[in-house]
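Notes follow once the structure below has been shown.
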Amino acid sequence: MTVKTRFAPSPTGYLHVGGARTALFSWLYARKHGGTFVLRIEDTDLERSTTDSVNAILEGMTWLGLEYDEGPFYQTRRFDRYNEVIEDLLQRGLAYRCDCSKERLEALREEQMKHKQKPRYDGHCRNRHVDADAPHVIRFRNPMEGIVVVDDMIRGKVAYDNAELDDLIIRRSDGSPTYNLTVVVDDADMGITHVIRGDDHLNNTPRQINILRALGKEPPRYAHVPMILGDDGARLSKRHGAVSVMQYREDGFLPEALLNYLVRLGWSHGDQEVFSLDEMIELFDIEDVNKAPSSFNTDKLLWLNQHYIKQSDPKHIAHLLSPHMGKLGIDPAEDGPDLVEVVEAQQERAKTLVEMAEISAFFYKEFEEYDAKAAKKHLRPVAQAPLERAREALERLDDWRPEPLHKAVADVADALDLNMGKVAQPLRVAVSGRAATPGIDVTLYLVGKDATLRRIDRALEHIRQRAAASS
Ligand code: GLU
């Protein structure tokens, strides 16, 4: 059997991290078994579905690198097919028209609630003739007896009594088909072998199996993935922080870090934390996914992100960093140092690309203000002589590369009989505005000669003004 999985989002919002994890599990399962991964857009809810949401989902999938082999298929383009199936079920007596009024259904519901019964349709129209021209819905004739067993790859066997399942609506009065019908027709038509989805759909599964059987189809295998919780134990939502995949891109996360984080939510392989995509494909198995919900932990995601920032090829990081520099009004391609060299200098120093952009902006443009603490500590009158001497030495220096720069700064320290830090630290604050940067040699190299001299002048002026203000 060739494995075929699908991701079937409803385009009513952004791509949520929970959805992305479901997509990842489906994708991994297909890749692991040399199968096919299908993207299906479940847009039959015309009121809530939007094109923006479809685009956000496609963008999120692309950013994460979850490539689909088939699709995207849009359910709204398949209404003829759904109607054909519904007509066939009607003809064979496996579905029926129902014209029960809202009022009748409401009264029925109230009566059932009063007697502490589960609200369900009572089958009033099962054997009534309802005119096709009159307003009506169409219901599936669910078997009244027997049990349906969902043999779930994560949950194990879950049995449902048919008597508990009422005759669900498969076509609304406006003629549109409902979720349980479309999903079944699509899974069957598309030859889906494994349905991997959120466990909020577990209770739909026995109904879907019944419809599949009515269509003469073998149900696929099911795997219902438990939900993701926030740190307070409630279902993960906006109030816990970012939940949209694209927000993570905005916030400076690498797609590989997010994927690595998501695969570990509810799945593990010994105590291994870091997985390349190839390793995930090799080691992941849907049957090893936990039954219990897992909790989202932003610190761990940050840790992984930092790990990938440190380990990745600087060229790759530079590519991803570039848009974040752009948001600070910097085009690294235009002028200033080579962004790859900047990344090499900063790789150990940032947890996110947003942070890396912030601590790297001074290589490209004048910083606005000194970090107050750094200036207070390092731009004092005692720093005047070291800065002046350094300025002279650096102005004379023709070979503006880290090694000669290091020597020039060290020579100034020697000449003034100071340790290196007493020269390097004021210089660092002078050229960057901050107390922590890469090594002074690399920092000066990346800032460049003109900007270095100009910023030393600015720092000397700052020291003079400060002295004047305090005298
Ligand atoms: N469209 C459904 C949703 O977004 C998923 C349906 C399925 O995977 O069967 O919740």
Side-chain angles (χ1 to χ4, degrees), residues 3-30 35-58 60-61 66 68 70-79 82 85 140 148 150-155 158 168 170 172 176-212 215 217 219-228 235-237 243-245 262 266 286 289 293:
V3 165
K4 199 166 184 185
T5 65
R6 75 337 184 251
F7 176 50
S10 304
T12 55
Y14 42 72
L15 179 60
H16 185 279
V17 285
R21 182 184 58 152
T22 308
L24 172 64
F25 286 180
S26 294
W27 181 87
L28 284 173
Y29 197 78
T36 305
F37 176 60
V38 177
L39 178 64
R40 184 169 79 220
I41 305 290
E42 304 210 320
D43 54 351
T44 53
D45 185 340
L46 301 176
E47 259 165 40
R48 296 181 60 223
S49 302
T50 65
T51 317
D52 280 352
S53 171
V54 171
N55 290 338
I57 291 166
L58 297 179
M61 300 281 287
L66 299 178
Y68 32 93
E70 290 180 15
F73 298 115
Y74 293 84
Q75 288 192 322
T76 41
R77 301 197 190 148
R78 288 175 45 79
F79 275 28
Y82 306 135
V85 171
F140 175 66
V148 194
V150 180
D151 189 3
D152 193 88
M153 293 172 85
I154 296 172
R155 293 297 198 90
V158 189
L168 87 153
I170 55 175
R172 301 181 189 92
S176 62
T178 60
Y179 161 70
N180 280 297
L181 187 275
T182 57
V183 82
V184 157
V185 174
D186 286 351
D187 285 339
D189 284 358
M190 294 170 191
I192 302 299
T193 60
H194 294 77
V195 168
I196 298 171
R197 62 184 171 195
D199 69 358
D200 46 335
H201 288 291
L202 183 61
N203 289 336
N204 285 321
T205 309
R207 300 169 179 284
Q208 294 178 10
I209 290 176
N210 283 338
I211 301 176
L212 277 163
L215 298 176
K217 306 283 185 189
R221 293 299 313 271
Y222 292 95
H224 286 93
V225 179
M227 62 178 157
I228 304 176
R235 193 190 186 100
L236 186 69
S237 72
V243 284
S244 138
V245 165
L262 291 177
I286 194 73
V289 171

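When a ligand or atom number is given, it counts from 1 through the structure's own listing order.
For H16, there are no side chain to side chain donor-acceptor pair (under 3.5 Å) partners at least two apart in sequence or on another chain. With sequence neighbours excluded, no residue satisfies side chain to side chain donor-acceptor pair (under 3.5 Å) with T22. With sequence neighbours left out, the side chain to side chain donor-acceptor pair (under 3.5 Å) criterion links R235 to no other residue.
A donor-acceptor pair shorter than 3.5 Å cannot be found between the side chains of R172 and T44. Side chains of Y179 and D45: a donor-acceptor N/O pair is absent below 3.5 angstrom, by distance only.
Taking every heavy atom of both residues into account, H224 and R197 meet most closely at NE2-NE, 3.0 Å.
Listed by chain and residue number, the protein contacts of ligand 1 are R6, A8, P9, S10, E42, Y179, V183, R197, H201 (heavy atom within 4.0 angstrom).
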